[in-house]
Amino acid sequence: MKHLLTLSIIVVVFASLSWAADDKNESSIDKRIATSGNVLSEIMATPDHAVPDKILDHAKCIAVVPSLVKIAIGFGGQHGHGVASCRTENGWSAPLPIDITGGSWGLQLGGEATDLVMVFLGDRGVDHLVSDHFKVGGDASASAGPVGRNAAAGTDIEMKDKILTYSRSRGLFAGVDLSGTVVKQDKDETRLLFGHMVQPEAILTGKVAPPATSQPFLSQLRKISEEAHGRATATNTSAASN
């Protein structure tokens with residue numbers, strides 16, 4: 001039994017190393033940006049499971065992490081790469097490449113790849129992302145967000161300065177929890193995207209222009225936020241007239 005457990009651990013470790021190598025060889029920041037845009041589009045295409053319009057309309061920043069990988073055998077862990085953008089006076093900012101890593105202790109066994117969307121509400125959302133790094137559930141309060149376009153009628157007050165998390169899972173896993181994960185700038189991919197190192201504050205406050213390759217993500221972000229704003233405004237107008 002002991003040897004079987006040891007063998008299982010070795011298999012999981014080598015599998016995770018293989019996934020990481022494949023990701024490094026086959027991915028690029030361009031692919032990450034395009035995939036993040038697709039995740040937003042696909043999630044919002046299902047009204048009953050979409051991020052609520054009012055949540056999107058009040059979002060200060062949005063981060064997408066396609067295929068956040070979770071591996072656990074006695075303890076849990078997760079790691080993924082994504083991009084984040086914040087609202088500026090001129091629209092959504094250039095995307096900031098981010099890493100998310102962390103773990104949780106527990107009796108877990110299995111693996112999962114999850115598409116993660118993080119919606120930052122309140123002005124502190126920008127503060128968290130422009131810092132060197134922050135811990136979810138520690139530095140920043142986070143909770144699972146309500147789903148459905150018409151859900152969460154009063155969350156703009158209750159959820160102020162929170163991070164709402166949404167996920168789309170593939171595979172079999174139990175006990176998904178983002179508490180304790182750390183979000184930080186992916187400096188290597190930042191250099192690839194902009195051609196040189198750029199600080200998060202300059203990116204997320206609109207001080208640098210979005211590279212042309214960021215448009216697949218930004219166009220989807222503009223589309224869903226404009227549509228959500230239109231529906232939220234129509235709903236508010238209808239409610240006021242009744």
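This chain uses plain numbering: 1 for the first residue, then up along the sequence.
- At distances below 3.5 Å, not a single donor-acceptor pair connects side-chain atoms of T190 with backbone N or O atoms of V198.
- A donor-acceptor pair under 3.5 Å links the side-chain atoms of S131 to the main chain of H128, judged by distance alone.
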### Task
Might you work through the side-chain contact (heavy atoms from CB on, under 4.5 Å) test for L204 and C61, ending with a clear yes or no?
CA-CA 9 Å; L204 296 177; C61 306; 5.7 Å; no
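- Annotation: side chain of H81 is not in contact with side chain of E189 (no heavy-atom distance under 4.5 Å).
- Under the 4.5 Å side-chain criterion, counting only non-hydrogen atoms from C-beta, Q215 is in contact with P210.
- A 4.5 Å side-chain heavy-atom check between F217 and T35 finds every atom pair outside the cut-off.
- Screening I203, V64, L193 for a side-chain contact (heavy atoms from CB on, under 4.5 Å) with P95, the sole residue that qualifies is L193.
- In this structure, OG on S225 lies 10.5 Å from CD on Q220, to the nearest 0.5 angstrom.
- With R87 contributing its side chain and K60 its backbone, the two residues share no donor-acceptor pair below 3.5 Å.
- Here M44 contributes atom CE and L221 contributes atom CG; the two are 11.0 Å apart, rounded to the nearest 0.5 Å.
- The main-chain N or O of G37 is never found under 3.5 Å from a side-chain atom of S41 such that the two would form a donor-acceptor pair.
- A pairwise comparison of heavy atoms in C86 and L129 identifies SG-CD1, 3.9 Å as the closest pair.
- A donor-acceptor contact shorter than 3.5 Å links the side chain of S85 to the backbone of S93.
- Contact detail for R32 and P66: the closest heavy-atom pair is O-CG, 4.3 Å.
- Across all their heavy atoms, V51 and I55 have their closest contact at CG1-CG2, 3.9 Å.
- Summarising the geometry, atom CG belonging to D57 is positioned 11.0 Å from atom CD belonging to E226; distances are rounded to the nearest 0.5 Å.
- Contact record, A94 with L218: CA-CD1, 4.4 Å, taken as the closest heavy-atom pair.
- Between I62 and L56 the shortest side-chain heavy-atom distance falls below 4.5 Å.
- Put simply, NZ on K184 and CG on L96 are 13.0 Å apart, with the number rounded to the nearest 0.5 Å.
- Closest heavy-atom contact between A34 and P216: CA-CB, 4.0 Å.
- When side chains are defined from C-beta on, E42 does not count as touching D115, because their heavy atoms never get closer than 4.5 Å.
- For the atom pair CD (E201) and NZ (K207), the distance works out to 3.5 Å, reported to the nearest 0.5 Å.
- Proximity of T213 to I29: side-chain heavy atoms (C-beta onward) are nowhere separated by under 4.5 Å.
- Separation of atoms CD (Q185) and CG (D99) is listed at 9.5 Å; rounding is to 0.5 Å.
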### Query
Please walk me through it: do S28 and L192 pass side-chain contact (heavy atoms from CB on, under 4.5 Å)?
CA-CA 9 Å; S28 67; L192 288 176; over 6 Å; no
